[in-house]
Each structure stands twice: as C-alpha cells, then as structure tokens.
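One structure below.
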Amino acid sequence: MRILFITSSRIGDAVISCGILERLRLENPHARFTVACGVVAAGVFARMPGLEQLIVFEKEGFDLHWLRLWTRLVGRFWNQVVDVRSSGISFFLAAGRRKILKGGRRPGRRYEQLGAAMGFSPAPLPVAWTAPADDAKAAALLGEGVVIGLGPTANWAGKIWPPERFVALCKELAGLFPGARVAVFAGPGAHERALAAPVLRALPGAIDLVGNLSLPEVAACLRRCAIFIGNDSGLMHLAAAAGAPTLGLFGRSRADEYAPAGLRTEVAVAPGPAGGAPMEGLTVEAVAAAARRLLCV
C-alpha cells in the first residue's frame with residue numbers, strides 16, 4: 001500500500017501536519033509513505049517510520065514546481081493521496097482515495113482544522129520523529145541537569161520579542177530553576193545567527209545551538225529542555241511536538257490559529273488587536289507569569 005502526503009515548505013506548517021500523518025501511519029502500519037515537501041522542511045520527516053521516499057521541491061516562478069512534482073508522481077498508483085497544500089495536482093494522479101485539504105487562513109487552530117478535514121476526532125497532536133543517534137547527540141550536547149531553551153528568532157521582524165527581554169526573563173526564572181543552563185536555538189544562516197547573537201552575548205555560558213544541527217537533532221535537544229520559550233516560529237512548533245513544555249510568544253501573529261500544539265503548552269500574547277499587537281508590548285513579567293502557569297508553580 002502506497003500513501004502520498006504533500007505538505008508544506010515551512011517548518012512550522014510541516015510540523016503541524018505531522019499529527020495527521022502519524023495517525024495515518026498508525027492506522028496503516030504496513031504502508032509505504034512518500035512525503036513531498038519544501039527544502040527547508042525536509043528534516044521534519046527524515047526520521048519518519050515507514051518513509052519510502054522523501055521528495056523535496058523548491059518554489060519556482062509560474063508555479064512550475066508543481067508541474068515538476070507532478071511529473072515525479074504521475075507514473076505510480078497511490079492507494080491514498082493526502083494534499084495539505086491544496087495544490088490541485090492530486091486530481092491528476094492515479095489514486096484510490098484523495099483528501100485535498102482546504103488551504104488559506106481561517107479561524108481556529110490549524111492542527112484541529114487538519115484533523116477535522118481528515119475525519120479524526122479528536123484532532124491528533126503534532127509529533128516529532130527522532131532516531132537513537134539524535135537522542136545520543138542531544139544528551140552529549142546538553143549533558144545532565146536542567147536546561148532552559150530559548151528561541152529568540154523568527155521568520156520576520158514583527159514576530160520577534162526584543163532580545164534583551166529574553167535575557168531579563170532568564171533572570172526572572174532563575175528562582176524556578178536553580179543552577180539551570182540556557183540553550184539558545186535558531187535556524188541556519190547568517191541572518192538567524194545575527195538575530196540570536198545579542199542573547200548569546202548577554203548569556204556567555206549559554207549552549208549555542210544556532211544553525212549547527214539537523215532538525216531531528218534539534219527535536220531531540222528540545223525534548224530534553226525543562227521549558228522552551230520562543231517566538232512564533234517553526235522551532236516553537238517543533239518544541240511542542242517533541243514534548244517540551246512550550247511557551248509561545250505572540251503579537252503580530254495569531255495565537256488562536258498557531259499557538260503551540262502539544263501536551264504541555266502555553267502562550268503569552270502582547271496586548272492589542274489579535275494578530276496585530278506589537279511584540280514590544282509584551283512584558284517580561286507577563287511572560288514569566290505564563291511560564292509559571294505552564295509549569296504549575
């Protein structure tokens with residue numbers, strides 16, 4: 001049995017879609033899965049059990065990437081096709097069953113929308129797949145003891161909480177985690193490094209996990225954190241999926257749609273219109289209070 005899953009080019013959206021993919025995998029334990037996603041999100045699926053093929057595509061002008069993807073898929077029969085991207089190419093593939101999930105922005109949690117579209121009730125939470133080697137590397141990097149994870153970057157400036165407030169927050173939380181170390185997470189590339197640099201400079205003893213790990217290794221490290229606090233980003237969604245107590249910070253993005261989805265999650269939202277509030281309005285005290293709610297202390 002072959003199942004095709006077409007999903008996002010962004011890490012956060014790809015992670016959110018993993019809940020329904022894992023449910024499909026558990027319901028079809030002998031199926032062989034092909035996942036098609038964007039380059040940046042490929043690592044999300046690298047450790048997925050039952051993965052037969054991972055097809056990575058890059059966006060091209062005039063939507064030519066969809067045509068190229070179709071040419072790689074059309075020669076096979078798919079027992080089931082699930083298209084989270086609403087790409088339309090699924091209509092032109094030989095398939096026993098098709099689920100083309102509605103795209104675009106609309107009210108409600110995105111992971112719940114995906115679950116409802118698949119007929120899953122309750123909607124399955126996202127998951128993060130890792131291998132023993134990833135867990136071993138995380139153990140070596142983080143060692144023993146309590147680690148506070150910080151995610152001070154995001155894909156656009158409007159989502160970023162001022163870096164000096166992340167530093168002040170660590171001082172606020174010192175009483176909750178005596179002797180804890182801080183790990184700073186960010187993606188690859190010079191831009192992410194520059195965004196994380198002020199936090200790393202202000203916390204000279206912090207563990208630098210900026211851009212030097214694969215996504216499964218990042219997930220394994222996040223899983224070992226006593227708490228992860230970060231801007232609305234792919235890392236925030238990965239932390240929640242990995243099982244870390246996750247606090248997401250929101251201002252110019254909507255927590256009612258993209259709050260972290262996991263077993264232990266919380267949000268701190270800047271005051272103002274939903275999805276339109278400046279992150280500068282979110283105080284250290286408000287974030288510290290949300291952290292205490294998350295940790296039930």
Side-chain angles (χ1 to χ4, degrees), residues 8-16 38-41 43-44 58-59 103-105 109-110 148-173 182-203 206 208-213 215 218 222 225 227-241 244 246-261 265-291:
S8 182
S9 58
R10 295 182 178 180
I11 293 174
D13 289 324
V15 170
I16 291 170
V39 175
V40 175
V44 172
E58 295 192 63
K59 189 172 182 179
R105 300 290 300 275
R109 300 287 295 278
R110 180 59 176 160
I148 299 171
L150 299 181
T153 70
N155 63 347
W156 62 286
K159 290 183 176 182
I160 296 176
W161 201 41
E164 65 273 12
R165 297 193 189 178
F166 278 100
V167 177
L169 177 66
C170 289
K171 297 175 182 177
E172 284 281 327
L173 298 180
V182 173
V184 178
F185 294 82
H191 182 62
E192 288 277 308
R193 170 64 62 179
L195 290 175
V199 178
L200 286 167
R201 281 197 301 267
L203 300 171
D208 182 349
L209 298 178
V210 176
N212 50 10
L213 299 175
L215 281 178
V218 171
L222 289 165
C225 291
I227 187 172
F228 174 84
I229 303 164
N231 302 315
D232 175 20
S233 67
L235 277 174
M236 178 202 72
H237 290 292
L238 188 62
T246 301
L247 171 56
L249 310 181
F250 286 80
R252 296 196 183 277
S253 55
R254 296 187 67 102
D256 56 354
E257 293 181 32
Y258 285 102
T265 63
E266 183 59 83
V267 295
V269 183
M279 290 293 279
E280 291 77 11
L282 184 58
T283 65
V284 172
E285 292 75 19
V287 176

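Just so you know, residue 1 is the first one in the sequence shown, and it goes up from there.
By the 4.5 Å heavy-atom criterion applied to side chains, Val210 and Thr153 are not counted as neighbours. The shortest side-chain heavy-atom distance between Glu257 and Phe250 does not fall under the 4.5 Å cut-off. A 4.5 Å side-chain heavy-atom check between Pro260 and Val267 finds at least one atom pair inside the cut-off. Between Ile160 and Phe166, the closest side-chain pair of non-hydrogen atoms is not below 4.5 Å.
Of all non-hydrogen atoms in Cys170 and Val182, the two that sit nearest each other are SG-CG2, 3.8 Å. Ala186 and Glu192 get closest at one heavy-atom pair: CB-OE1, 3.6 Å. A pairwise comparison of heavy atoms in Leu195 and Ala154 identifies CD1-O, 4.0 Å as the closest pair. The two residues Gly272 and Ala277 come nearest to each other via the heavy atoms CA-CB, 3.9 Å. The minimum heavy-atom distance linking Ser253 with Lys159 is given by the pair CB-CE, 4.0 Å. For the residue pair Arg254 and Ala274, the shortest heavy atom distance occurs at NH1-O, 3.3 Å.
No more than 12 heavy atoms of other residues, nucleotides or ligands sit less than 6.0 Å from atom CZ of Arg10.
Of the possible donor and acceptor atoms, one in the side chain of Thr246 sits under 3.5 Å from a partner among the backbone N and O of Ala240. Under a 3.5 Å cut-off, the side chain of Arg165 and the backbone N or O of Glu280 do form a donor-acceptor pair. A donor-acceptor distance shorter than 3.5 angstrom exists from the side chain of Arg252 to the backbone of Gly276, with no hydrogens or angles considered. Judged by distance alone, the side chain of Trp161 and the main-chain N or O of Leu249 form no donor-acceptor pair under 3.5 Å. The main-chain N or O of Ser233 is never found under 3.5 Å from a side-chain atom of Asn231 such that the two would form a donor-acceptor pair.
Atom-to-atom distance recorded for Leu173:CG and Leu150:CG is 8.5 Å, nearest 0.5 angstrom. Interatomic distance, Leu235 CG to Leu209 CG, rounded to the nearest 0.5 Å: 10.0 Å. Here the CG atom belonging to Leu238 is positioned 11.5 Å from the CD1 atom belonging to Ile16, to the nearest 0.5 angstrom. In this structure, Asp13 CG and Arg110 CZ are separated by 7.0 Å, a value rounded to the nearest 0.5 Å. The structure places CG of Asp208 at 4.0 Å from CZ of Arg193, a figure rounded to the nearest 0.5 Å. Note that CD of Glu266 and CD1 of Ile229 are 11.5 Å apart. Values are rounded to the nearest 0.5 Å.
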Please assess His237 against Asp232 for the test side chain to side chain contact (heavy atoms under 4.5 Å, CB included), listing each intermediate value before the final yes or no.
CA-CA 8 Å; His237 290 292; Asp232 175 20; 3.7 Å; yes

